[in-house]
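Whatever order the structure lists them in is the order used to number ligands and atoms, beginning at 1.
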Amino acid sequence: MDATLPPGSRMPAALQTIGWWVRPLAFMRRQQERLGTPFTLRLVGQPTFVVLTDPADVRTLLTAPPDVLHPGEGARLLEPIVGANSVILLDEAVHMEQRKLMLPAFHGDRMQRLTGLMQELTERELESWPAGEPVELHPRLQRLTLEIILRAVFGLDEGPRLDLLRERLPDILSFGDSPVSLMPPAQRLLRGRGRFGRFERDRAEVDRELFALIEERRQEGGERDDVLAMLLAARHSDGSPMSDEEIRDELVTALVAGHETTASSLGFAFEQLARSPEVQERLLSDDDAYLDATINEVLRRRPVLPIPEPRLVVREIEIGGHTYPPGVVLTAGAYLVHHDPSIYPDPYAFRPERFLERKPGTYTFLPFGGGRRRCLGASFALLEMRLVLRAASERFTVAAAGPRAQTRRRMITITPGDGARVVLSRRPASARRTAAPDAEREAVASA
Ligand code: HEM
């Protein structure tokens, strides 16, 4: 069977695992240089792992029938946090059913209603950013993206419940950083004790608040613009509403999938802008198309998930001349595709103009993955990035605070290694443009 797999390194699995975890981008680049693509990785405790980069192969991968590849099975480790109903963990018909329930809540048209709230929270955060001294923007962006999700997705209003969840939810998410999160048998042994016990107690407290919120909102009825309102209104194919557990799990899923990812993407945006004064000036004077092109270029250079969800083969599949048996895991090397010089000339240059010249391709631009697993929150994240970058570029110029730091891995994402450390300088108030809500609406609706 192995003979049909693409070439793999002879490096021991332990060393490959270290390279993959510690320096994922450099490691992927090195494997590609040595082995060509696709290539095979052997990672400790993981099935054989194949990285594909040819756009035709990526297309076959992302459009394979749901009973052939199972992305959900590979994400099982997230279950203690996101819960068994999470769309991320499901496959085949149950995945599609859950995804259909969520799609309307995250549709571009629907997102425009959240613009005002996102703008207000962004303004409030930017007010506190200091000028004239080095500042790490990443923790500030994490605070902002958390606040936006709690208000716009969970639909929380100011008050004690928001205060409690703002404090507890990051504790639950940080469980994913702990080695125990990788070892379900250890979790069973540790039930009620140590790090896992603390996690269980925090989760119980959060769940009590979330179930109370869902119950209150069911009673309340009424029109609201948040994602929770849409989930409460969603109906299964048999006409039944989503259960409290399903809604809880999808809210926490949105938090897990959307909080760090957006904060780190914004962190990389500021890191890049700090080294591109001409882009900053053009952002101030140019239209929304240039802003969108800049965001695309940030997501191309630094896809915070350098690979989308790995897909477990459950029925033999042939891709690009290789036959993959059940048990192998396939993934698209998004970072490598984004740096293929035949697709993106001068790939390491930060050049937003390339996306004015050519629209991002479905199988060559993969920051949000693709196919029936494509990121459900892409419109939400793009709207948020637009609002934050526009507001920040009207207020500040950004300069580097030191040499560019290497990226750091945080769970399955990458993040700026120095916390996106920059120096901000305030622009004169006359630099601010008046908001362009119509243009915003159009851009989001087409995302
Ligand atoms: C810049 C920010 C973001 C990036 C780069 C990103 C990226 C991704 C990627 C690569 C996937 C896997 C797709 C695949 O395997 O084909 C994904 C899935 C997902 N994302 Fe995002 N994401 C972001 C923000 C968000 C936000 C804000 C939300 C929700 C509020 C969200 C919700 C989801 C969900 C629910 C899935 C699972 C979809 C499924 O399995 O059907 N994401 N995201």
Side-chain angles (χ1 to χ4, degrees), residues 52 58-59 61-64 66 69-75 78 82-83 85-92 94-103 105-107 110-111 114 118 141-142 144-146 148-155 226-228 230-231 249-269 295-296 298-312 329-335 337-338 362-363 365-389 412-415 447:
L52 311 172
V58 170
R59 183 196 180 118
L61 175 75
L62 296 181
T63 56
L69 300 179
H70 277 188
E73 246 176 89
L78 287 174
V82 295
N85 302 292
S86 168
V87 69
I88 291 189
L89 305 189
L90 303 175
D91 287 302
E92 300 200 27
V94 277
H95 168 256
M96 249 0 244
E97 167 110 14
Q98 203 62 212
R99 194 172 158 97
K100 272 198 201 135
L101 290 168
M102 295 174 77
L103 267 171
F106 286 101
H107 191 269
R110 185 79 200 175
M111 291 299 104
L114 298 172
M118 284 191 192
L141 293 164
Q142 283 175 305
L144 174 61
T145 59
L146 175 65
I148 288 181
I149 291 197
L150 293 181
R151 299 287 306 275
V153 176
F154 288 53
D226 47 64
V227 168
L228 173 57
M230 292 297 284
L231 297 182
D249 290 357
E250 299 312 0
L251 291 177
V252 178
T253 295
L255 178 72
V256 169
H259 158 50
E260 284 288 346
T261 44
T262 316
S264 294
S265 299
L266 280 165
F268 284 125
I295 292 171
N296 285 344
V298 170
L299 296 171
R300 180 189 73 82
R301 284 285 287 119
R302 290 283 179 261
V304 293
L305 280 114
I307 53 164
E309 263 192 85
R311 273 90 167 138
L312 177 71
V329 165
L330 306 176
T331 190
Y335 172 78
V337 176
H338 290 184
T362 312
Y363 302 108
F365 182 69
L366 304 164
F368 297 112
R372 70 181 69 77
R373 307 301 292 219
R374 185 174 188 269
C375 174
L376 271 168
S379 293
F380 187 96
L382 289 172
L383 172 62
E384 196 173 340
M385 289 184 75
R386 281 182 199 120
L387 294 174
V388 174
L389 290 177
I412 54 167
T413 66
I414 53 163
T415 184

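Looking at His95 against ligand 1, only its side chain comes within 4.0 Å, counting heavy atoms.
Of all the listed residues (Arg372, Arg373, Arg311), Arg311 holds the heavy atom that lies closest to atom 15 (O) of ligand 1. In the candidate list Met111, Glu384, Arg374, Glu309, Glu309 is nearest to atom 12 (C) of ligand 1, counting heavy atoms.
Between Arg374 and Arg372, every side-chain heavy-atom pair lies at or beyond the 4.5 Å cut-off. In this structure, the side chains of Thr262 and Ile148 stay at 4.5 Å or more apart for every pair of heavy atoms.
The nearest protein atom to atom 37 (C) of ligand 1, hydrogens excluded, is given as Ile88 CG1, 3.6 Å; this is a heavy-atom distance. In terms of protein heavy-atom proximity, atom 36 (C) of ligand 1 is closest to Leu376 N, 4.1 Å. The protein heavy-atom contact nearest to atom 24 (C) of ligand 1 is Thr261 OG1, 3.5 Å. Nearest to atom 33 (C) of ligand 1 among the protein's heavy atoms is Ala257 CB, 3.5 Å. Nearest non-hydrogen protein atom to atom 6 (C) of ligand 1 is Phe368 CD2, 3.6 Å. From the protein, the heavy atom lying nearest to atom 42 (N) of ligand 1 is Cys375 SG, 3.0 Å. Closest to atom 28 (C) of ligand 1, if we only count protein heavy atoms, is Gly377 CA, 3.5 Å. The shortest contact between atom 26 (C) of ligand 1 and any protein heavy atom is with Gly258 CA, 3.3 Å.
Residue contacts with ligand 1 include Pro367, since one of its heavy atoms falls under 4.0 Å from the ligand.
Within the listing of ligand 1, atoms 2 (C), 24 (C), 27 (C) sit less than 4.0 angstrom from a heavy atom of Thr262. Taking a cut-off of under 4.0 Å to the non-hydrogen atoms of Ala381, the atoms of ligand 1 that pass are 1 (C), 2 (C), 24 (C). Taking every non-hydrogen atom of Phe380 and a distance limit under 4.0 Å, the qualifying atoms of ligand 1 come out as 27 (C). Every atom of ligand 1 is numbered from 1 in the order shown, and the set under 4.0 Å from a heavy atom of Val304 is 5 (C). Below 4.0 Å from some heavy atom of Gly369 lie the following atoms of ligand 1, by number and element: 10 (C), 13 (C), 14 (C), 16 (O).
The environment of CZ in Arg151 is crowded: more than 12 heavy-atom neighbours from other residues, nucleotides or ligands sit within 6.0 Å.
Residues Asp91 and Arg373 are paired through a salt bridge, judged by an N-O separation under 4.0 Å between the basic side chain and the carboxylate.
Distance check: Asn296 CG to Phe365 CZ gives 4.0 Å after rounding to the nearest 0.5 Å. Here CD of Gln142 is found 6.5 Å from OG of Ser264. Values are rounded to the nearest 0.5 Å. Here the CG-OG1 distance, from Asn85 to Thr253, works out to 9.0 Å after rounding to the nearest 0.5 Å.
Paired with Pro367 under the rule side-chain contact (heavy atoms from CB on, under 4.5 Å), one option of His338, Arg301, Arg300, Arg302 passes, and it is His338.
Residue Ser265 places no N or O, backbone or side chain, under 3.5 Å from any N or O of ligand 1. Where the criterion is an N or O separation shorter than 3.5 Å, residue side chain and backbone included, Gly370 meets it with respect to ligand 1. Checked by distance only, ligand 1 and Arg99 come closer than 3.5 Å through their nitrogen or oxygen atoms.
Between the side chain of Ser265 and the main chain of Thr261, a donor-acceptor pair closer than 3.5 Å is present. Formation of a donor-acceptor pair under 3.5 Å by the Thr145 side chain with backbone atoms of His259 is found in this model.
Note on ring orientation: taking the six-membered ring where Trp is involved, the planes of Phe380 and Phe106 are perpendicular (angle over 60°, cut-offs 30° and 60°).
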